[in-house]
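Structure, as structure tokens:
We're numbering straight along the sequence, starting at 1.
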Amino acid sequence: MKGEGADESVKLPAYAVVADRIRRRILSGDLPPGARLPNEAELMQESGFSRSTIREATRILASEHLVRTTRGPGGGTFVLRPDLGRLTTQVENSVALMTVAEMVTVDQLMDVRLLTEVHAAGTAAHQRSAEQLAAMRTALQPRTSPTYEADQDFHMQILAAAGNPMLELACAPVFRVLHDRFSSEHASDDFWSASHADHERILAAIERGDSMTAMTEMRRHLDRLNDTYKEMGLLRGASEED
């Protein structure tokens, strides 16, 4: 182990070498969520590095939300269980930066929604619960003024009903980036009424357990949104120029 550390440290600082070794064990499942890391003395012996190096490596892993350290009896450094909210925020920040840097377009963001939400609508039609149907219906209740958040909530309920957290992880950041870049104030009353009618048709198909129709209606809805988002982007650009 010491020899390995000496070779790797030529390219990386010692703390980065230790952090990388532990990270690999975590991500490979050798140290699963909830597992306790070897104590500092054990890590020092394994790696051949100093206590300060071990502590700096642990701080790096904590900043990546991979581990947490607790004090007192029963304390130690433990592998964190994944938190979907934190993960989506991290992905959202990356997607937002890619959008600002013009590395992704509206079409590409909408491609992600097509690839995930059409499938989710079909799956939700098969396995949605009564509680999930009620949540979808609640999301469609009339409001004095329509909002992007309420519209997004309906889509998130469908993703949740599909039972695959990866779908939520892929879509939630895209929703938020689109919301930030395309102001809802540019959406016409016709947009909101058409969107609500689309949602009603999607929900009706899910309630019937009609997977194919749910997928077809979701695709039509997202195609309409794609055109609308483009138009809203052009309108935003025009208002900024004024």
**Complete:** So CD of Gln108 and OG1 of Thr99: to nearest 0.5 Å the spacing works out to 9.0 Å

**Asked** Which is it for His65 and Gln90 under the side-chain contact (heavy atoms from CB on, under 4.5 Å) test, yes or no, and what are the steps along the way?
**Response** CA-CA 11 Å; His65 305 292; Gln90 292 171 345; 3.0 Å; yes

**ring pair (Phe, Tyr, Trp, His ring centres under 6.0 Å) partners for His221, two or more places apart** = His155, His199

**Prompt:** Do Leu133 and Leu203 have side chains that get closer than 4.5 Å, going by heavy atoms?
**Reply:** yes

**Side chain to side chain, Ile202 and Met136, heavy atoms closer than 4.5 Å** = no

**Asked** Do you know the tightest heavy-atom contact between His126 and Ser211?
**Response** NE2-CB, 3.4 Å

**Asked** Thinking salt bridges, do Arg137 and Glu207 make one under a 4.0 Å N-O criterion?
**Response** yes

**Message:** Measuring from atom CG of Leu43 to atom OG1 of Thr53, what distance do you get when rounded to the nearest 0.5 angstrom?
**Reply:** 11.5 Å

**Asked** If we only count heavy atoms from C-beta on, is the Pro82 to Leu87 side-chain gap below 4.5 Å?
**Response** yes

**Request:** Take Ile158 and Arg128 through the side-chain contact (heavy atoms from CB on, under 4.5 Å) test and state the conclusion after the steps.
**Result:** CA-CA 8 Å; Ile158 293 175; Arg128 78 288 183 278; over 6 Å; no

**Request:** Look at atom CZ of Arg208 and say whether more than 12 heavy atoms of other residues, nucleotides or ligands are closer to it than 6.0 Å.
**Result:** yes

**Asked** At what distance, to the nearest 0.5 angstrom, does CD of Glu42 lie from CD1 of Ile54?
**Response** 11.0 Å

**Request:** Count the heavy atoms belonging to other residues, nucleotides or ligands that lie under 6.0 Å from CZ of Arg68, then report whether that count exceeds 12.
**Result:** no

**Asked** What heavy-atom pair brings Leu222 and Arg113 nearest, and what distance separates the two atoms?
**Response** CD1-O, 3.6 Å

**Asked** Atom CE of Met110 and atom CG of Asp107: how far apart are they, to the nearest 0.5 Å?
**Response** 9.0 Å

**Asked** Are Leu66 and Tyr15 connected in a single hydrophobic cluster, I mean Ile/Leu/Val/Met/Phe/Trp/Tyr linked by side-chain heavy atoms less than 4.5 Å apart?
**Response** no

**Prompt:** Rounded to the nearest 0.5 Å, how far apart are CG of Leu167 and NE2 of His119?
**Reply:** 5.5 Å

**Message:** Could you report the tightest heavy-atom contact between Pro32 and Asp30, atom names first, then the distance?
**Reply:** CD-O, 3.5 Å

**Message:** Are Leu80 and Leu27 connected into the same hydrophobic cluster when the rule is that any two of I, L, V, M, F, W, Y join if their side-chain heavy atoms are below 4.5 Å apart?
**Reply:** no

**Request:** Would you please say whether a donor-acceptor pair under 3.5 Å links the side chains of Thr216 and Thr213?
**Result:** no

**Request:** Take Ile26 and Val67 through the side-chain contact (heavy atoms from CB on, under 4.5 Å) test and state the conclusion after the steps.
**Result:** CA-CA 9 Å; Ile26 293 172; Val67 303; 3.8 Å; yes

**Request:** Answer yes if Leu109 and Leu114 sit in the same cluster of Ile, Leu, Val, Met, Phe, Trp and Tyr residues linked by side chain heavy atoms under 4.5 Å apart, and no otherwise.
**Result:** yes

**Short side-chain donor-acceptor distance under 3.5 Å, Thr77 and Thr58** = no

**Item:** Ala162 backbone acceptor or donor facing Thr123 side chain under 3.5 Å
**Value:** no

**Prompt:** Say you draw a straight line from CG of Leu84 to CG of Leu169; how long is it, rounded to the nearest 0.5 Å?
**Reply:** 6.0 Å

**Item:** Min side-chain heavy-atom separation Thr88-Arg176 under 4.5 Å
**Value:** yes

**Request:** May I ask you to decide whether Arg23 forms a salt bridge with Glu64, counting only side-chain N to carboxylate O separations under 4.0 Å?
**Result:** yes

**Item:** Side-chain heavy-atom pair Pro38, Arg25 within 4.5 angstrom cut-off
**Value:** yes

**Prompt:** At their closest point, which heavy atom of Arg81 faces which heavy atom of Gly34, and how far apart are they?
**Reply:** NH2-CA, 4.3 Å

**Asked** Under a 4.0 Å N-O cut-off, is there an ion pair linking Asp198 with Arg201?
**Response** yes

**Prompt:** Do we see a donor-acceptor contact under 3.5 Å between the side chains of Asp151 and Ser195?
**Reply:** yes

**Prompt:** Side-chain heavy atoms under 4.5 angstrom apart, residues restricted to Ile, Leu, Val, Met, Phe, Trp, Tyr: same cluster for Leu61 and Phe78?
**Reply:** no

**Prompt:** Any donor and acceptor pair, going by atom type alone, linking the side chain of Arg55 with main-chain N or O of Ser50 inside 3.5 Å?
**Reply:** no

**Message:** If the threshold is 4.0 Å, N to carboxylate O, is there a salt bridge linking Asp20 and Arg24?
**Reply:** yes

**Request:** Mind listing the closest non-hydrogen atom pair of Gln132 and Ala160 along with its distance?
**Result:** NE2-O, 3.8 Å

**Request:** Measure across Ala120 and Leu159 and return the closest heavy-atom pair with its distance rounded to 0.1 Å.
**Result:** CB-CD2, 3.8 Å

